[in-house]
Trainee: 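For reference, the structure I am asking about is given below.
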Amino acid sequence: MRDLLAWFAVEDPVQVEAVVQIHKDAQQQGWWAHYEEVLPSGMATYAGLESDAVALRSYEPIFVHGLLQTEDYARAVIAAVRPNQPEEVERLVRFRMQRQDLLSRRPEPLELWVVVEEAALRRPVGGKEVVAAQIKHLIHAAVLPNVTIQVMPTAKGVHAAMAGTFSLLEFSAKAPTTIVYVDSIAGNVYLEKERDVRKFIQTFDLVRAAGPDPQETPAILENIAREMEKT
């Protein structure tokens with residue numbers, strides 16, 4: 001690597017060491033490598049991008065975002081996709097729980113902003129007790145300084161993001177860029193072209209503008225929890 005930099009007349013020692021360090025980092029396996037044999041196609045790539053991101057914005061119409069799921073909720077979701085594969089389910093649950101370390105990462109925890117549909121929170125994933133614990137977990141997560149949660153009321157009707165789940169992964173000032181991740185049953189799609197990224201940024205901005213103030217989230221979640229207790 002040093003010879004290659006010399007060939008291209010890169011002589012600034014700061015630049016040289018920065019590129020060499022990037023090269024060294026690229027040779028190291030991420031923690032998710034231990035799970036690759038059970039991960040869905042493309043998930044290892046996503047885990048790497050998520051680990052490098054400084055901020056993540058996501059719209060979730062079906063389930064609670066993976067970084068905010070409780071262990072029991074995650075287990076119920078994964079088991080529904082992989083029935084009769086208990087060992088793989090448990091490994092994937094551990095993988096999902098380990099991803100959540102990003103929210104307490106030091107010195108810079110991941111900045112997370114999630115807009116989740118009210119209907120997703122009312123979905124009886126894993127049963128009444130699991131959902132109750134999940135909502136309680138969201139109430140605690142909503143007060144974290146690096147986590148913003150908005151609940152999109154069903155009564156709002158249609159809005160700009162009705163097409164489905166997507167996430168915006170934002171990276172540091174050293175590499176200022178945003179990547180769009182679209183997850184679907186047909187496969188994972190990554191979008192990097194400026195026009196595509198701009199469209200999804202505008203869509204997310206419209207959705208969060210249409211939702212309630214994030215400060216109302218704990219009260220909204222508590223109300224949903226009380227209503228579900230009565231059913």
Side-chain angles (χ1 to χ4, degrees), residues 46 50 53 55-70 72-74 76-78 80-81 96 99-100 102-103 110-128 130-170 178-186 188-189 191 196-231:
Y46 176 81
E50 189 180 65
L56 191 157
R57 291 177 283 171
S58 182
Y59 167 66
E60 294 289 339
I62 307 298
F63 298 113
V64 172
H65 192 279
L67 292 179
L68 297 172
Q69 291 179 7
T70 65
D72 287 337
Y73 186 98
V77 172
I78 296 169
V81 179
R96 188 160 298 183
R99 281 174 54 202
Q100 296 182 7
L102 293 171
L103 298 179
L110 179 70
E111 295 284 338
L112 179 65
W113 189 312
V114 174
V115 179
V116 59
E117 289 286 344
E118 177 186 349
L121 300 177
R122 294 183 181 276
R123 185 182 298 276
V125 176
K128 191 172 181 178
V130 171
V131 174
Q134 176 63 72
I135 293 177
K136 184 177 181 180
H137 180 70
L138 290 176
I139 292 172
H140 292 309
V143 300
L144 295 174
N146 59 308
V147 175
T148 302
I149 302 172
Q150 284 181 284
V151 179
M152 180 62 72
T154 302
K156 282 284 186 179
V158 296
H159 54 72
M162 298 298 290
T165 305
F166 68 90
S167 296
L168 298 163
L169 295 132
E170 300 173 18
T178 299
I179 294 176
V180 179
Y181 171 72
V182 182
D183 186 13
S184 74
I185 196 169
N188 309 319
V189 177
L191 303 173
D196 296 328
V197 171
R198 185 168 62 248
K199 176 182 176 181
F200 277 90
I201 291 175
Q202 291 172 345
T203 298
F204 189 82
D205 287 344
L206 288 171
V207 170
R208 65 180 178 180
D213 190 305
Q215 292 185 351
E216 299 176 28
T217 295
I220 293 173
L221 291 170
E222 288 171 0
N223 185 57
I224 292 173
R226 283 194 297 269
E227 290 180 1
M228 293 189 70
E229 285 178 1
K230 298 176 182 177
T231 60

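As the structure is a prediction and not an experimental result, all values here were calculated from the model.
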Trainee: Give a yes or no on whether a salt bridge exists between R208 and D213, defined as a side-chain N under 4.0 angstrom from a carboxylate O.
Mentor: no
Trainee: Please tell me whether Y59 and H159 form a close aromatic pair, meaning their ring centres lie under 6.0 Å apart.
Mentor: yes
Trainee: Distance-only, no hydrogens or angles: does the T217 side chain make a donor-acceptor pair with backbone N or O of I149 under 3.5 Å?
Mentor: yes
Trainee: Hey, does the side chain of E222 reach the backbone of I139 with a donor-acceptor pair shorter than 3.5 angstrom?
Mentor: no
Trainee: Looking at side-chain heavy atoms only, is the closest gap between T165 and V182 below 4.5 Å?
Mentor: no
Trainee: May I ask you to decide if L103's main-chain N or O and N146's side chain share a donor-acceptor pair within less than 3.5 Å?
Mentor: yes
Trainee: Answer yes when R57 and E170 have at least one side-chain N-carboxylate O distance shorter than 4.0 Å, and no when they do not.
Mentor: yes
Trainee: What are the two closest heavy atoms between L110 and A53, and how far apart are they?
Mentor: CD1-O, 3.6 Å
Trainee: Identify whether the distance between the nearest side-chain nitrogen and carboxylate oxygen of E227 and R122 falls below 4.0 Å.
Mentor: yes
Trainee: Would a distance-only check, ignoring hydrogens and angles, find a side-chain to backbone donor-acceptor pair under 3.5 Å from K128 to E229?
Mentor: yes
Trainee: Please report the shortest heavy-atom distance between L168 and F200, naming the atom on each side.
Mentor: CD2-CB, 3.9 Å
Trainee: Please walk me through it: do E50 and Y46 pass side-chain hydrogen bond (donor to acceptor under 3.5 Å, both in side chains)?
Mentor: CA-CA 6 Å; E50 189 180 65; Y46 176 81; 3.0 Å; yes
Trainee: Just by modelled atom types, is the Q69 backbone N or O under 3.5 Å from a matching donor or acceptor in the Q100 side chain?
Mentor: yes
Trainee: Would you confirm whether Y181, through its side chain, and S58, through its main-chain N or O, come within 3.5 Å as a donor-acceptor pair?
Mentor: no
Trainee: Check this for me: K199, atom NZ, are more than 12 non-hydrogen atoms of other residues, nucleotides or ligands nearer than 6.0 Å?
Mentor: no
